[in-house]
4 protein chains.
Amino acid sequence: MPRPPGHGPGYEIKRQEIIDRAAELFARKGYAATGINEIGGAAGLTKGALYYYIGSKENLLVEIQSRVMRPLLRTARRIARLEVDPVLRLRLLSEALLSIILRRLDHIWVYEHDYRMLGGDNRTRLLRQRGEFEGIISNLLAEAMDSGEFREMNPRLAMLQFLNMHNHTYQWVRPDGRWDAGYLSREYCATLFTGFRAAPGPVDDLEERVLKFREQHPEIVLDPLEGGETEA
Amino acid sequence: MPRPPGHGPGYEIKRQEIIDRAAELFARKGYAATGINEIGGAAGLTKGALYYYIGSKENLLVEIQSRVMRPLLRTARRIARLEVDPVLRLRLLSEALLSIILRRLDHIWVYEHDYRMLGGDNRTRLLRQRGEFEGIISNLLAEAMDSGEFREMNPRLAMLQFLNMHNHTYQWVRPDGRWDAGYLSREYCATLFTGFRAAPGPVDDLEERVLKFREQHPEIVLDPLEGGETEA
Amino acid sequence: MPRPPGHGPGYEIKRQEIIDRAAELFARKGYAATGINEIGGAAGLTKGALYYYIGSKENLLVEIQSRVMRPLLRTARRIARLEVDPVLRLRLLSEALLSIILRRLDHIWVYEHDYRMLGGDNRTRLLRQRGEFEGIISNLLAEAMDSGEFREMNPRLAMLQFLNMHNHTYQWVRPDGRWDAGYLSREYCATLFTGFRAAPGPVDDLEERVLKFREQHPEIVLDPLEGGETEA
Amino acid sequence: MPRPPGHGPGYEIKRQEIIDRAAELFARKGYAATGINEIGGAAGLTKGALYYYIGSKENLLVEIQSRVMRPLLRTARRIARLEVDPVLRLRLLSEALLSIILRRLDHIWVYEHDYRMLGGDNRTRLLRQRGEFEGIISNLLAEAMDSGEFREMNPRLAMLQFLNMHNHTYQWVRPDGRWDAGYLSREYCATLFTGFRAAPGPVDDLEERVLKFREQHPEIVLDPLEGGETEA
DNA sequence: AATGAATGAGGGTTCATTCAT
DNA sequence: AATGAATGAACCCTCATTCAT
């Protein structure tokens with residue numbers, strides 16, 4: 001999104017560096033709580049010079065969102081088009097998603113936290129892109145259900161489970177190399193896809209046991225908001 | 001400056017109402033981007049009167065965190081002490097957690113997003129409480145592994161999967177009654193606990209197929225950050 | 001200055017106690033920087049109740065000024081009327097002044113610092129009273145000059161020297177009993193009255209030496225605001 | 001947030017002008033009672049622009065204190081090092097002190113009144129500097145006593161008398177040229193040094209007369225706080 | 001004799017942004 | 001390509017005071 005008509009050769013490089021610094025700061029302190037001054041300081045520029053590169057604070061946010069969304073969507077589209085088993089495609093998509101989460105951790109923080117700070121158009125566009133990404137996953141899950149690899153489920157809920165599992169990772173993972181995308185993807189997919197597969201497993205009487213427990217202990221209220229101090 | 005020693009009967013009621021309004025606003029716009037003026041306006045009070053009730057903006061944040069953390073932790077402790085199978089206890093905990101997420105949705109938004117805005121002591125205390133909650137889940141998972149109901153897994157990663165699945169729900173669920181805690185808990189636990197159970201399932205050759213795919217298609221780079229524009 | 005038409009017996013007592021507490025706080029933190037809340041807290045009253053006793057914050061200031069000015073002026077008038085030597089009367093006045101400074105130290109702080117916070121009428125009245133006090137001293141000094149005990153001086157400057165010496169004491173004296181009014185008065189008067197007395201003393205060539213020093217060292221500039229870094 | 005790294009040529013000039021205006025206002029109304037808005041108005045700047053120059057309100061106070069303390073201390077050190085008679089040095093110091101009082105009258109008001117508004121570090125530093133200044137005077141007085149020019153006195157009390165006499169001047173002197181530093185210094189030093197000199201003078205029976213007066217008139221209570229309304 | 005609640009103006013400070021140079 | 005200076009709105013918070021009860 002170049003604004004002034006003509007730029008020198010270093011323009012885009014410096015611009016990208018500023019966005020990097022901004023992502024770090026936004027991730028650490030939040031978009032709203034980070035001042036333009038701090039960004040300028042981190043990038044070694046005065047406020048005035050900063051505006052030559054960025055146009056506005058919200059632009060920075062837009063760019064950071066794009067840096068996550070654009071490669072993610074591009075890769076998701078390519079994976080979706082591969083001519084292999086849908087479960088395998090989901091597994092590849094899982095790893096691609098985790099890969100970007102782990103390597104652009106601060107961008108992801110901003111992406112997950114501050115997308116609601118975007119104004120009208122920017123926000124709409126982002127939500128449309130997220131919708132497309134979710135659609136790709138839903139389609140793959142539907143394919144796996146159609147082929148009998150996964151049991152029949154609410155497809156939207158299955159997609160949401162997939163995203164819950166992956167997208168919340170940014171909250172606790174640290175960029176210290178202790179976790180890598182391949183390992184996490186293996187583990188997540190082992191859990192999810194076993195849980196999604198067709199044959200019922202040995203824990204399937206769990207819901208009956210829940211009901212029985214509630215019948216036998218009607219006095220125990222486990223609703224967190226119901227008080228329940230009586231048993232103390 | 002401690003709150004005045006005595007309050008009228010309406011004080012606590014109004015105070016709670018203010019916290020409610022603040023939670024709505026913080027959830028919608030973020031803590032840092034919500035002004036004290038807006039909160040006053042939403043509560044029908046002038047700024048001065050507002051401060052008679054709240055003491056400080058951060059206090060509001062603390063109260064909102066407490067309204068999530070206190071009942072959650074209390075219920076989690078009670079469930080952990082029940083003398084039933086650990087898998088059943090995890091299922092009950094799942095439902096309790098989802099119950100609070102669904103019914104205090106805006107509090108959860110704030111809880112998940114803005115805890116980092118808390119200053120020193122408040123933050124430390126909150127993190128300690130979160131640690132305790134995570135410990136309870138870890139212990140239940142460890143019990144289930146010891147009893148052979150779940151296979152041996154990295155206990156921390158299992159706990160994190162459990163929390164990923166549940167805690168990300170606030171991002172997409174709407175308080176419109178379309179989803180209820182019991183249903184979501186059943187579905188989440190069906191997926192997770194089948195995935196966690198001891199016997200390997202029929203998708204266990206997935207990882208071999210991943211490796212094979214990569215061998216056979218070394219030219220396909222699926223790393224989102226590796227460029228990969230060549231195929232465009 | 002009782003305001004409500006009828007009071008119970010404890011009214012004036014409590015009122016005086018409030019003024020005491022206010023004087024302490026004003027002395028320690030300054031009038032403008034002390035809040036009504038603090039005064040209420042120190043007096044064990046809520047803000048509302050406080051106003052029942054004091055009427056306004058400025059009223060407190062007026063009362064504190066009066067507590068200094070009224071006894072001081074009354075005593076000064078009595079001393080002035082005594083039929084003894086003016087130097088003796090000055091000595092008695094000195095001790096009376098120091099006595100009130102030492103025993104109402106916090107009132108004096110407020111009296112010296114914050115009289116300029118008084119609004120129109122209150123301020124005018126206070127300045128008139130101060131003028132009367134200064135007049136009493138001036139008259140005594142003039143009497144002493146007329147009688148030949150003191151040499152002829154600018155009477156206003158002599159009075160100002162007398163007041164400088166005494167009134168600045170509050171800045172460094174502590175209410176710990178290390179200094180007492182009698183001792184300080186003896187010392188101050190020994191210095192002042194010897195200095196004021198008629199006969200020139202052995203240091204009277206000092207001014208000549210000052211002039212000679214300046215002639216002999218014209219390059220040494222001792223004016224604090226003249227730079228003078230040259231000699232560094 | 002340090003001041004921006006570079007400033008234009010007018011920056012320091014404008015900054016000094018702002019400090020001037022602030023000193024006037026602080027002197028007239030007191031530091032705590034003067035608003036940032038007023039300062040901005042007096043300097044012809046909006047609040048935002050004002051902060052570009054000053055950083056904080058307390059900074060202004062610090063600068064004003066420095067403008068008094070720095071030249072005063074520098075000059076005092078230079079005078080102390082002169083190789084002339086200690087009494088002459090005291091006389092030069094007296095004039096330097098009065099010179100700064102008369103020419104920076106509003107700064108002195110602030111210096112004397114509002115140093116207690118300084119926060120921790122700034123206050124500590126200032127008090128240390130005041131201590132050094134007092135030490136210089138004490139040393140000169142001690143030298144004069146050792147050389148026999150002054151009689152033996154409590155050295156701290158002698159220093160305090162010197163400072164009382166000089167430092168209280170700001171309370172009544174007007175910047176109208178009616179008084180000048182040389183004249184005041186001559187008069188003050190004439191009084192003080194004659195009072196301090198070795199030989200006892202003709203008023204030295206004053207204390208005996210005080211005692212005799214009290215014996216002969218035991219019914220006359222001259223303590224300002226002892227009631228004494230009886231004679232009214 | 002005292003309270004709890006409210007007001008509204010003002011406190012000091014930081015904000016994102018603009019623009020002439 | 002970048003700066004220093006300015007703006008003006010908004011920031012969170014505290015103030016002295018009032019008044020029905």
Side-chain angles (χ1 to χ4, degrees), chain A residues 4 6-11 14 32-40 44-58 60, chain B residues 1 3-11 14 32-40 44-60, chain C residues 4 6-11 14 32-40 44-58 60, chain D residues 1 3-11 14 32-40 44-60:
Chain A
H7 302 305
Y11 181 84
K14 193 133 208 163
T34 302
I36 281 285
N37 260 329
E38 292 171 83
I39 300 170
L45 292 170
T46 60
K47 251 188 300 192
L50 197 67
Y51 269 82
Y52 173 71
Y53 290 102
I54 65 166
S56 79
K57 191 186 176 190
E58 182 166 339
L60 286 172
Chain B
M1 192 182 310
R3 292 287 86 225
H7 296 301
Y11 179 86
K14 192 140 212 160
T34 303
I36 280 285
N37 267 326
E38 291 172 84
I39 300 170
L45 291 170
T46 62
K47 243 188 309 186
L50 191 68
Y51 268 83
Y52 178 69
Y53 290 100
I54 67 168
S56 79
K57 192 188 177 189
E58 182 164 341
N59 259 2
L60 285 173
Chain C
H7 301 304
Y11 180 86
K14 191 130 211 165
T34 302
I36 280 285
N37 260 329
E38 292 171 83
I39 299 170
L45 291 171
T46 59
K47 248 188 301 191
L50 197 67
Y51 269 82
Y52 173 72
Y53 289 102
I54 65 166
S56 78
K57 191 184 174 189
E58 182 166 340
L60 285 172
Chain D
M1 192 182 311
R3 291 287 89 221
H7 297 301
Y11 179 87
K14 191 142 212 160
T34 303
I36 281 285
N37 267 325
E38 291 172 84
I39 300 169
L45 291 169
T46 62
K47 247 192 301 187
L50 191 68
Y51 268 82
Y52 177 70
Y53 291 98
I54 66 166
S56 78
K57 191 187 178 189
E58 181 164 343
N59 259 2
L60 286 173

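Here is how names work: the chains are called A, B, and so on, in the same order as the sequence lines, proteins then strands, and each is numbered from 1. Predicted model, so just to flag it, every value in this text is computed and none were measured.
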Exercise: identify the closest heavy-atom pair between C:Tyr52 and C:Tyr11:
O-OH, 3.5 Å

5'-most contact on DNA chain E: C:Gly10 or B:Gly8, nearest heavy atom basis?
C:Gly10

To the nearest Å, how far apart are A:Lys14 NZ and F:dA1 C1'?
9 Å

Between B:Asn37 and F:dA10, is there a side-chain N or O to OP1/OP2 distance below 4.0 Å?
no

Pairs under 3.5 angstrom, nitrogen or oxygen only, protein versus nucleotides 17-21 of chain F, please.
from   : atom 1 : to      : atom 2 : distance (Å)
F:dT17 : OP2    : C:Tyr51 : OH     : 2.6
F:dT17 : OP2    : C:Lys57 : N      : 2.9
F:dT17 : O5'    : C:Tyr51 : OH     : 3.2
F:dT17 : O4     : C:Lys47 : NZ     : 3.3

Considering just the side-chain nitrogens and oxygens of D:Tyr52, establish if one lies under 4.0 Å of OP1 or OP2 belonging to E:dT14.
no

To the nearest 0.5 Å, how far apart are CG in B:Leu60 and CG in B:Leu50?
7.0 Å

According to the Watson-Crick and G-U wobble definition with distances under 3.5 Å, which dot-bracket string, read 5' to 3', encodes DNA chain E, using [ ] for crossing pairs and | for pairs with another strand?
.||||||||||||||||||||

What nucleotide among E:dA6, E:dT7, F:dC11 has an atom nearest to a side-chain atom of B:Thr46?
E:dT7

Please state whether the phosphate of E:dA2, meaning OP1 or OP2, lies under 4.0 angstrom from any side-chain nitrogen or oxygen of C:Tyr53.
yes

D:Pro9 vs B:Ala32, nearer the 5' end of DNA chain F by closest nucleotide:
D:Pro9

What closest approach, in Å, do D:Lys57 and D:Thr34 show between heavy atoms, and which atom pair accounts for it?
NZ-O, 3.0 Å

Whole angstrom value for the distance that separates P of F:dT3 from CG of A:Leu45
6 Å

